[in-house]
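Please read these numbers as outputs of a predicted model, since none were measured by experiment.
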Amino acid sequence: MGFFGKKGPSGFSSSSTAEEVTEGIDGSGLTAIITGASSGIGTETARVLALRGVHVVMAVRNVDSGNKVREEIHKEIPSAKVEVMELDLSSMSSVREFASKYNSSGLPLNILINNAGIMASPYLLSKDNIELQFATNYLSHFLLTNLLLDNMKNTARESNREGRIVNLSSSAHRHPFPGGIRFDTINDEAGYGSIKAYGQSKLATLLHANELARRFKEEGVNITANSLHPGGIHTNLFRYHTVLSGFASTIGRFMFKTVPQGAATTCYVALHPQVNGVSGKYFEDCNISKSSAYGQDAELAKKLWEFSLPLTNP
């Protein structure tokens, strides 16, 4: 990606790494939850935040894999504060259990990074009988965020430090189903397309951040919410598509970001002082960018919020 690395207004570019964009930032005293932190850019995000002094809680489906990552981080950074907690985003009961345990732990919460996801899977249903990409990439993160919001609000008020919610969207949000979200047929196999369903879930993730930002502003809460496209990175997200994986491994390696580059925008939005007070924005390559027309539709964001509430109630 280096030859695409023209710097934007932030001073960073597509070739910037997570370490570079957080250089000199002191994250001590901050606590962050990162979903999907046991692989790919989630792991690099956890490592770099820990490197900057943030107390990191890795919310992962595979605890054994999470513990291996934690051990590797501790080998490199002996002073790192890293914990592993189980979270299966295909199950809302797992989300509720995670949130209950976290809120009972006494830990504050300054930063929530909704990173975990799956990409372009065949038609499958979650444990709650909801289309799997919509459930995993968006709906369970919607529920998780809501269950952790009181903790975040209390932390922001008591510490007098801005809280930040970071939603990982994708440029694929530009290519959802017609109308953006299939509200009336969200679980229907008929008409399902794995790529469009992925785009739909990532559009929902973006709209979620926008609606959170609107609500925080209305409430006067010292928390921001933003979304981002991390860039194309060859990670295990490609496991359902051998053709895409093969392309990424060959020709795509000259076009795709490295994992440290892929984690840069997340770490920038989570920690950088340039983002203080910035909310409801969509970032690419560590700079504010422009989302699709659907991604800027405030009424669609409100409709999605109201649609999601009954789906996440027990």
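- Applying the side chain to side chain donor-acceptor pair (under 3.5 Å) test to residues at least two apart or on different chains, the pairs with a partner in residues 147-156 are N103-N151, N151-T155, K153-E219, N154-R157.
- Across S90 and L132, no two heavy atoms sit closer than the pair CB-CD1, 4.0 Å.
- A salt bridge does not link R70 with E72: every distance from a Lys NZ or Arg NE/NH1/NH2 to an Asp or Glu carboxylate oxygen is 4.0 Å or more.
- F216 and L148 fall within a single hydrophobic cluster, where Ile, Leu, Val, Met, Phe, Trp and Tyr side chains are chained together by heavy-atom contacts under 4.5 Å.
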Taking distance alone, no hydrogens or angles, what donor-acceptor pairs closer than 3.5 Å link side-chain atoms of residues 265-273 to residues at least two apart or in another chain?
residue	atom	partner	partner atom	Å
T265	OG1	D285	N	3.4
T265	OG1	C286	N	3.1
Y268	OH	Q274	OE1	2.5
H272	ND1	Q274	N	3.0

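- Formation of a donor-acceptor pair under 3.5 Å by the T185 side chain with backbone atoms of D188 is not found in this model.
- The side-chain contact (heavy atoms from CB on, under 4.5 Å) with N115 is formed by just one residue from the set I34, I33, T43; it is I34.
- Under a cut-off of 6.0 angstrom, the local environment of CG in D184 is sparse, with at most 12 non-hydrogen atoms contributed by other residues, nucleotides or ligands.
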Can you give each donor-acceptor pair under 3.5 Å made by side-chain atoms of residues 300-308, sequence neighbours left out, with the distance rounded to 0.1 Å?
residue	atom	partner	partner atom	Å
S308	OG	Y138	OH	2.5
S308	OG	L304	O	2.7

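- Hydrophobic cluster membership is shared by I111 and V84, with clusters built from Ile, Leu, Val, Met, Phe, Trp and Tyr side chains linked at under 4.5 angstrom.
- When the side chains of ILVMFWY residues are joined at heavy-atom separations under 4.5 Å, either directly or via intervening members, M85 and V69 end up in two distinct hydrophobic clusters.
- S169 approaches L206 most closely through the heavy-atom pair OG-CB, 3.8 Å.
- Taken to the nearest 0.5 Å, the CD atom of E162 stands 9.5 Å off from the CD1 atom of I223.
- The environment of E76 atom CD is dense: over 12 non-hydrogen atoms of other residues, nucleotides or ligands sit within 6.0 angstrom.
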Audit row: L168, T205, side chain to side chain contact (heavy atoms under 4.5 Å, CB included) steps and yes/no:
CA-CA 7 Å; L168 270 77; T205 298; 5.8 Å; no
For the pair E211 and F142, evaluate side chain to side chain contact (heavy atoms under 4.5 Å, CB included) and give the outcome as yes or no after the intermediate values.
CA-CA 11 Å; E211 179 63 7; F142 174 87; over 6 Å; no
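- Residues L228 and N167 are not in side-chain contact: their nearest non-hydrogen atoms beyond the backbone lie 4.5 Å or more apart.
- Put simply, the side chain of L125 does not reach to within 4.5 Å of the side chain of I130, judged on heavy atoms.
- Of all heavy-atom pairs between P108 and Y102, the closest is O-OH, 2.5 Å.
- By the rule that hydrophobic residues join a cluster once side-chain heavy atoms approach within less than 4.5 Å of another member, I118 and M92 end up as members of separate clusters.
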Verdict with supporting geometry, S15 and Q261, side chain to side chain contact (heavy atoms under 4.5 Å, CB included):
CA-CA 6 Å; S15 60; Q261 290 169 340; 3.8 Å; yes
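- The closest side-chain heavy-atom distance from L212 to I165 is below 4.5 Å.
- Side-chain atoms of S13 and K6, non-hydrogen and from C-beta on, never get closer than 4.5 Å to each other.
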Side chain to side chain contact (heavy atoms under 4.5 Å, CB included) between I233 and I41, intermediate numbers included:
CA-CA 8 Å; I233 308 107; I41 61 175; 4.1 Å; yes
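- Pairing each heavy atom of L89 with each of H141, the nearest pair is CD1-NE2, 3.4 Å.
- K196 is linked by a side-chain contact (heavy atoms from CB on, under 4.5 Å) to F177, counting only residues two or more places apart in sequence or in another chain.
- For the pair H173/Q200, no side-chain contact is recorded, criterion being any heavy-atom separation below 4.5 Å from C-beta on.
- Side-chain contact between D88 and F98: absent, with no pair of heavy atoms (C-beta onward) separated by less than 4.5 Å.
- How far CD of E19 is from CD1 of I25: 12.0 Å, rounded to the nearest 0.5 Å.
- Among residue pairs with one or both ends in residues 89-108, those qualifying as salt bridge (charged side-chain N to carboxylate O under 4.0 Å, His left out) are E97-K101; sequence neighbours excluded.
- Ionic pairing of E44 and R47 is present here: one or more N-O contacts between side-chain nitrogen and carboxylate oxygen are shorter than 4.0 angstrom.
- Going from atom OG of S170 over to atom CZ of R174 covers 9.5 Å, rounded to the nearest 0.5 Å.
- Atoms CD and CG, from E86 and D64 in turn, are 10.0 Å apart once rounded to the nearest 0.5 Å.
- Side-chain heavy atoms closer than 4.5 Å link hydrophobic residues (I, L, V, M, F, W, Y) into clusters, and following such links, even through other members, never connects V166 to L109.
- Looking only at atom types and distance, the side chain of R215 has no donor-acceptor partner in the side chain of N210 under 3.5 Å away.
- Heavy-atom minimum distance, N110 versus L30: OD1-CA, 3.4 Å.
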Test side-chain hydrogen bond (donor to acceptor under 3.5 Å, both in side chains) on N226 and S279 and set out the steps.
CA-CA 6 Å; N226 292 291; S279 196; 5.0 Å; no
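- Taking 4.5 Å as the limit, every side-chain heavy atom of F12 sits out of range of all side-chain heavy atoms of K7.
- As a member of the Ile/Leu/Val/Met/Phe/Trp/Tyr network built from side-chain separations under 4.5 Å, V48 groups with nothing else and remains a singleton.
- By the neighbour-count criterion of 12 heavy atoms within 6.0 Å, atom CG of N160 is sparsely surrounded, having that number or fewer from other residues, nucleotides or ligands.
- Summarising the geometry, atom OG1 belonging to T45 is positioned 10.5 Å from atom CE belonging to M58; distances are rounded to the nearest 0.5 Å.
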Passes salt bridge (charged side-chain N to carboxylate O under 4.0 Å, His left out), K81 versus E83? Steps please.
CA-CA 7 Å; K81 296 178 181 177; E83 299 179 45; over 6 Å; no
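- Between R52 and T22, the side chains place a donor N or O and an acceptor N or O closer than 3.5 Å (distance only, hydrogens not considered).
- Here CG of L203 is found 8.5 Å from OG of S291. Values are rounded to the nearest 0.5 Å.
- Remark: the backbone N or O of V60 is not paired with any side-chain donor or acceptor of S38 at under 3.5 angstrom.
- At a cut-off of 3.5 Å, with distance as the only test, a side-chain donor of N137 or S201 sits close to an acceptor on the other residue.
- Across all non-hydrogen atoms, the minimal contact from S289 to E284 is OG-OE2, 2.9 Å.
- Between V221 and M152, every side-chain heavy-atom pair lies at or beyond the 4.5 Å cut-off.
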